[in-house]
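Down below is the structure, laid out as structure tokens.
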Amino acid sequence: MTTPLEEIIKEQIRCDGPMRLDDYMRLCLGHPEHGYYMTRDPFGQAGDFTTAPEISQLFGEMIGVWVADTWMKMGQPDPFILLECGPGRGTLMADLMRATKRVAGLHEAVQIMLLETSPVLKQKQAQALDPYAPVWIETLAPERFTAPVIVIGNEFLDALPIRQYRFDGAQCTEKYIVLNNNDTLQFKWIESKPNQIVKNLLTQKSVKSMGHIEVSDDQYSVLMTLSKIIQKQCGNTLFIDYGSVHYPVDETLQALKNHQRRSVLELPGECDITSHVGFGLVKDWLEEGGMAVHGPVSQGIFLKRLGIDVRAQQLQQNASEAQALDLSLALQRLTGQGDARKEMGSLFKVIAFGDNPDIKLAGFHDSDY
Ligand code: SAH
């Protein structure tokens, strides 16, 4: 079986030669007509994957606690911009707003901004967030930020395209997509001149000895743009995603359809393609960019420090038996440190960064328990 996007990709390779992995991923996820996110709502049981805000309201409520606490520590700026990167169905923001409605002055001061490229998901977000009059942006244009900012993003960084390299001490090769003799898509490692981001990495001993490098120019560019916006306007950012605190990481690129693993080259535009975020690398980039960085810490610990257990107990007191059980299961799924296929607590990490090193952000310190 083939897809319309597969034909477009093949034609492009016939005309222009081998395609870089990140260009392939960008087309698969973001092609205006056939890109994965552009054509569907991928979440939930009937979709391809389930995210934390879709598991339980507890998640968005805890992010609400973090946003309210951060806003207060920033001196309650009015107005302030609350930007969500890749808001999906808008569930996280809706739960967060509900959880913060009693925080004096916050709703009066907030301007919600959503970074989103998918027309289908923009429509869902508009439905979920109608009372709050959000504005949408498709790229991080710094001139749109005219007030202090708080930025959040769950499973956003993992959706940004990556490049993969191999380094054997002398030669650096990069993974491309080519057409083989049977006219099917195939990976090929091609000699490459590493860009500055990779050159910097290759000076690290651990990376040299590993031989395999995964790196996202797009993540770098988003993080550096956010750092500049924050340096100019003041602010703090919170990103949650799956990945390792260590760097380098091994091959982590994966494709999912109907909750099942697929090959990355199978059914272009029909599968979600993601990679694990290299949090160690993200932290280095941010520190080099002059940001005060908090974490990464595991999602389970972060949510517990923000009080998720107490909130779950509170909700259970007024719940039916079935609802109480659902809450316990959701809590376990969000915070449990067991099998990463079932429990998100340790696979998922949380990192935050801001301009002011004196602000102690909630969730990153033992004393928050
Ligand atoms: N945060 C949501 C959705 C995560 S899926 C949740 O936790 O449920 C990734 C989200 O990022 C989707 O909304 C997708 O459309 C958006 N997205 C992916 N690539 C993007 C890009 N390059 N620019 C803006 N949004 C993007």
Side-chain angles (χ1 to χ4, degrees), residues 22-32 34-64 66-67 82-97 112-129 134-141 144 151-162 216-223 225-226 237-243 254-257 259 269 271-277 299 302-303 330 333-334 344 347-350:
D22 59 343
D23 290 334
Y24 173 79
M25 222 174 138
R26 202 170 289 116
L27 285 173
C28 287
L29 298 178
H31 183 278
H34 305 293
Y36 178 78
Y37 281 114
M38 306 313 247
T39 53
R40 77 200 69 219
D41 171 352
F43 307 105
Q45 273 303 319
D48 295 318
F49 59 95
T50 306
T51 57
E54 301 300 332
I55 290 173
S56 166
Q57 70 186 74
L58 287 168
F59 186 79
E61 288 178 354
M62 289 305 112
I63 307 302
W66 186 86
V67 166
L82 176 57
L83 167 69
E84 183 172 0
C85 301
R89 288 177 173 168
T91 310
L92 167 52
M93 186 62 89
D95 289 337
L96 176 166
M97 289 302 284
I112 296 180
M113 198 182 264
L114 306 170
L115 174 65
E116 179 59 74
T117 41
S118 159
V120 180
L121 292 175
K122 272 185 201 171
Q123 224 172 38
K124 297 255 167 180
Q125 293 154 17
Q127 282 162 11
L129 301 170
V135 294
W136 280 267
I137 53 171
E138 293 204 355
T139 53
L140 278 177
R144 298 293 297 267
V151 185
I152 54 172
N154 184 57
E155 292 208 39
F156 170 70
L157 294 176
D158 69 64
L160 300 181
I162 62 161
S216 168
D217 298 356
D218 294 38
Q219 278 175 13
Y220 180 79
S221 145
V222 162
L223 293 166
T225 308
L226 281 176
T237 295
L238 184 78
F239 279 127
I240 304 144
D241 227 307
Y242 45 94
Q254 66 173 38
L256 275 187
K257 185 167 174 59
H259 301 260
C271 302
D272 185 33
I273 306 181
T274 59
S275 69
H276 285 208
V277 175
Q299 173 173 302
F302 178 78
L303 293 175
R333 198 155 165 212
L334 292 174
M344 307 169 93
L347 175 63
F348 280 71
K349 312 288 184 310
V350 189

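FYI, side chains are in, hydrogens and waters are out, and symmetry mates aren't considered; it's all heavy atoms of this structure. Counting convention: from 1, in listed order, for ligands and their atoms alike.
- Of the protein's non-hydrogen atoms, the one nearest atom 7 (O) of ligand 1 is Asn154 ND2, 2.8 Å.
- Side chain of Lys349 to backbone of Gly243: a donor-acceptor contact under 3.5 angstrom is found.
- Only the side chain of Leu160 comes within 4.0 Å of ligand 1, judged by heavy-atom distances.
- Protein heavy atom at the shortest distance from atom 9 (C) of ligand 1 is Glu155 O, 3.4 Å.
- In this structure, the side chain of Thr274 does not engage the main chain of Ala159 through any donor-acceptor pair within 3.5 Å.
- Within the structure, every pair that satisfies the salt bridge (charged side-chain N to carboxylate O under 4.0 Å, His left out) test and touches residues 85-94, not counting sequence neighbours, is listed here: Asp41-Arg89, Glu54-Arg89.
- How far CG of Asp241 is from CG of Asn154: 7.0 Å, rounded to the nearest 0.5 Å.
- In this structure, atom 11 (O) of ligand 1 lies nearest to the protein heavy atom Gly86 CA, 3.2 Å.
- If you run side chain to side chain contact (heavy atoms under 4.5 Å, CB included) between Val151 and each of Leu83, Leu238, Leu115, Leu140, only Leu83 comes through.
- In this structure, the side chains of Leu96 and Glu84 stay at 4.5 Å or more apart for every pair of heavy atoms.
- Taking a cut-off of under 4.0 Å to the non-hydrogen atoms of Leu121, the atoms of ligand 1 that pass are 12 (C), 13 (O), 15 (O).
- In this structure, of Thr117, Thr51, Leu140, Ile152, the residue bringing a heavy atom nearest to atom 21 (C) of ligand 1 is Thr117.
- Of the N or O atoms in Pro53, none lie within a sub-3.5 Å distance of an N or O in ligand 1.
- In terms of polar-atom proximity, Gly88 is counted as a contact of ligand 1, with an N or O under 3.5 Å from an N or O of the ligand.
- One option in Arg40, Arg89, Met38, Glu116 has a heavy atom closer to atom 12 (C) of ligand 1 than any other, and that option is Glu116.
- Using modelled atom types, one side-chain atom of His259 and one backbone atom of Gly44 make a donor-acceptor pair closer than 3.5 Å.
- Residue Leu115 places a heavy atom under 4.0 Å from ligand 1.
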